[in-house]
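No experiment lies behind these values; they were computed from the predicted model shown. Residue numbers count from 1 along this sequence.
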Amino acid sequence: MNNLKNIDIKSVGKKTLAMLVSFYLMFLAFAAMKYSFTIMGGQFAEDLVKIPHNPFIYFFIGLLGAAVFQSSSAVTTIVVGAVASGHMSLDDAVFIVMGANIGTTVTSTIVALSYIDDKSVFMRALSGAALHDFFNISVALIFLPLEMFTGFLSNLSQNLSGMLFDNGPGINVTVFEGYDFGLDRLVKYIFSNFSEYPWFIFLSAIVLIIGSLKLIGGVTKQVLMQNNNISTNTLIFKNDGASLLSGTAMTAIVQSSSITSSLIVPLIASKKLSLERGYMFIMGANVGTTITALFASMATGTEFGIEIALTHVLFNILGVLLFLIIPGVRAFPIWYAKKLGFLAAKDRIFGFLYLFTLFFVLPFILVWLSV
């Protein structure tokens, strides 16, 4: 009770509101960047479909696309439409989905960069963000060669899809759009007069991202790091099971693992949440993010669309099960995340090099060379 009396409720409320606003501005910037690439990328998307079958190239297309759009859900939904319409084969699409799972983690890494002015805090923040990276990379390293040589995921999804269509005349489900907090509509309204100038929209998004990151860094330090009365020992993070289920449910509602995984970075940076508990939340987020493409595929009513959506579901759920069931495997992403945070704390430019090389430079060069 004494601790509660010492809390300035009004001050905490203002800082919390400022933190929420700063996050909203950041995701508004991401929505603006997505809008600019949507305008610029029509012809580029058509060229990508013409690329000869190459699993690695399609994998990096998915990685780059999700990094640019800040959402694996957006990429997989587009892929579902392409497969359902017959413009893309399931064999190609499955590798795009795998790459998109890694590309979507760029958002939390960008959030971690807002703590770069403090070495110890930056180390924890980048480690928390990298949990999502290394978990998805580890799952891809298991399933990418398995799919290449056996077609395991695509064959299993085809069998499951066949069972669904054998039991009924088709599926007619309203597309679940989730809560985008009005971001897409607001961006279109703000930039409605600049649709012919996508580079202006893109540069505006960059400026907004830089500004919002500075706000996030400043505000979260005040709200979380300077207030010892704030605790994450709540229902959401009470234990591993609660963290896993919370990550799944919250991501299914928001329909973006980028958003939910980004929100735990400040908690880990401020020592309010352990890497291990945040890791469980992120695995849950990986399951929740498959809901978007699944509903989109059901709305198409085609077996091909269902197949690629089920591939996404199987990839993420089986990946989570492997890391939960097999002893010792679960520790690998945590170890690598801690190692990355330590290296970045010693030389902070390493954090920037990691971000741009993994998410943009490497996939862009490989995709560009293949087009």
Original post:
For the hydrophobic clusters of this structure (ILVMFWY residues joined by side-chain heavy atoms under 4.5 Å, transitively), does one cluster hold both Leu131 and Leu267?
Top reply: yes
Subject >> Pairwise side-chain contact, Leu322 with Val329, heavy-atom cut-off 4.5 Å (strictly under) >> reply: no
Subject >> Met280 versus Leu324, closest heavy-atom pair with distance >> reply: CE-CD2, 3.6 Å
Original post:
Checking side-chain contact (heavy atoms from CB on, under 4.5 Å) for the pair Asp133/Tyr354: CA distance, chi angles, key distance, verdict?
Top reply: CA-CA 11 Å; Asp133 303 347; Tyr354 167 76; 2.5 Å; yes
**OP:** Search all heavy atoms of Ser246 against all heavy atoms of Phe281 and return the closest pair with its distance.
**Re:** C-CE1, 3.8 Å
Original post:
How many angstroms lie between atom CD1 of Ile334 and atom CZ of Phe135, to the nearest 0.5 angstrom?
Top reply: 11.0 Å
Original post:
Under a 4.5 Å side-chain heavy-atom rule over Ile, Leu, Val, Met, Phe, Trp and Tyr, are Leu273 and Met123 clustered together?
Top reply: no
**OP:** Please round to the nearest 0.5 Å and tell me the distance separating atom CZ of Arg277 and atom NZ of Lys238.
**Re:** 11.0 Å
Original post:
Any donor-acceptor pair under 3.5 Å linking the side chain of Thr248 with the backbone of Gly288?
Top reply: no
**OP:** List for me each residue that meets ring pair (Phe, Tyr, Trp, His ring centres under 6.0 Å) alongside Phe356, sequence neighbours excluded, and say none if there are none.
**Re:** none
**OP:** Output the distance between atom CG (Asn155) and atom OG1 (Thr311), rounded to the nearest 0.5 Å.
**Re:** 9.5 Å
**OP:** State, with a plain yes or no, whether a side-chain heavy atom of Ser204 is found less than 4.5 Å away from one of Phe191.
**Re:** yes
**OP:** Measure across Tyr115 and Ala125 and return the closest heavy-atom pair with its distance rounded to 0.1 Å.
**Re:** CD1-CB, 3.6 Å
**OP:** Look at the rings of Tyr336 and Phe332 and say which category their plane angle falls in: under 30° parallel, 30 to 60° tilted, over 60° perpendicular.
**Re:** parallel
Subject >> Exercise: identify the closest heavy-atom pair between Leu358 and Leu63 >> reply: O-CD2, 3.5 Å
Original post:
What closest approach, in Å, do Leu310 and Ser161 show between heavy atoms, and which atom pair accounts for it?
Top reply: CD1-N, 3.8 Å
Could you list the donor-acceptor pairs under 3.5 angstrom formed by side chains in residues 139-153, with sequence neighbours left out?
| residue | atom | partner | partner atom | Å |
| --- | --- | --- | --- | --- |
| Glu147 | OE1 | Phe152 | N | 3.4 |
| Glu147 | OE1 | Leu153 | N | 2.8 |
| Glu147 | OE1 | Ser154 | N | 3.3 |
| Glu147 | OE2 | Ser154 | OG | 2.7 |
| Thr150 | OG1 | Leu146 | O | 2.5 |
| Thr150 | OG1 | Phe152 | N | 3.2 |

Subject >> Approximate separation, where rounding is to 0.5 Å, of Met250 CE and Ser261 OG >> reply: 10.5 Å
Original post:
For Asn101, does its backbone N or O pair with a side-chain atom of Asn136 as donor and acceptor, under 3.5 Å?
Top reply: yes
Subject >> Path from Leu245 to Ile264 over hydrophobic side-chain contacts below 4.5 Å >> reply: no
Original post:
Should Ile308 and Val97 be marked as a side-chain contact (heavy atoms from CB on, under 4.5 Å) after you check the CA-CA gap, both sets of side-chain angles, and the distance that decides it?
Top reply: CA-CA 8 Å; Ile308 185 58; Val97 168; 3.9 Å; yes
Subject >> Chi angles and distances behind the side-chain contact (heavy atoms from CB on, under 4.5 Å) call for Leu126, Thr109 >> reply: CA-CA 6 Å; Leu126 191 59; Thr109 307; 4.1 Å; yes
**OP:** Identify whether Ile116 and Phe342 are in the same connected component of the hydrophobic contact network (ILVMFWY, side-chain heavy atoms under 4.5 Å).
**Re:** no
Original post:
Which heavy atom in Ser108 sits nearest to a heavy atom in Thr105, and how many Å separate them?
Top reply: OG-O, 3.0 Å
Original post:
How many angstroms lie between CG in Leu90 and CD1 in Ile306, if you round to the nearest 0.5 Å?
Top reply: 12.5 Å
**OP:** Please tell me if the side chains of Phe350 and Leu340 come closer than 4.5 Å, counting only heavy atoms from C-beta onward.
**Re:** yes
Subject >> Interatomic spacing from OG1 in Thr104 to CZ in Phe359 - rounded to 0.5 Å >> reply: 9.0 Å
Original post:
Which is it for Leu113 and Phe122 under the side-chain contact (heavy atoms from CB on, under 4.5 Å) test, yes or no, and what are the steps along the way?
Top reply: CA-CA 7 Å; Leu113 292 178; Phe122 181 53; 3.9 Å; yes
**OP:** Spell out, as yes or no, whether a donor-acceptor pair under 3.5 Å connects the side chain of Asn286 to the backbone of Asn316.
**Re:** no
Original post:
What residues, two or more places apart in sequence or in another chain, satisfy salt bridge (Lys or Arg N to Asp or Glu O under 4.0 Å) together with Arg330?
Top reply: Asp240
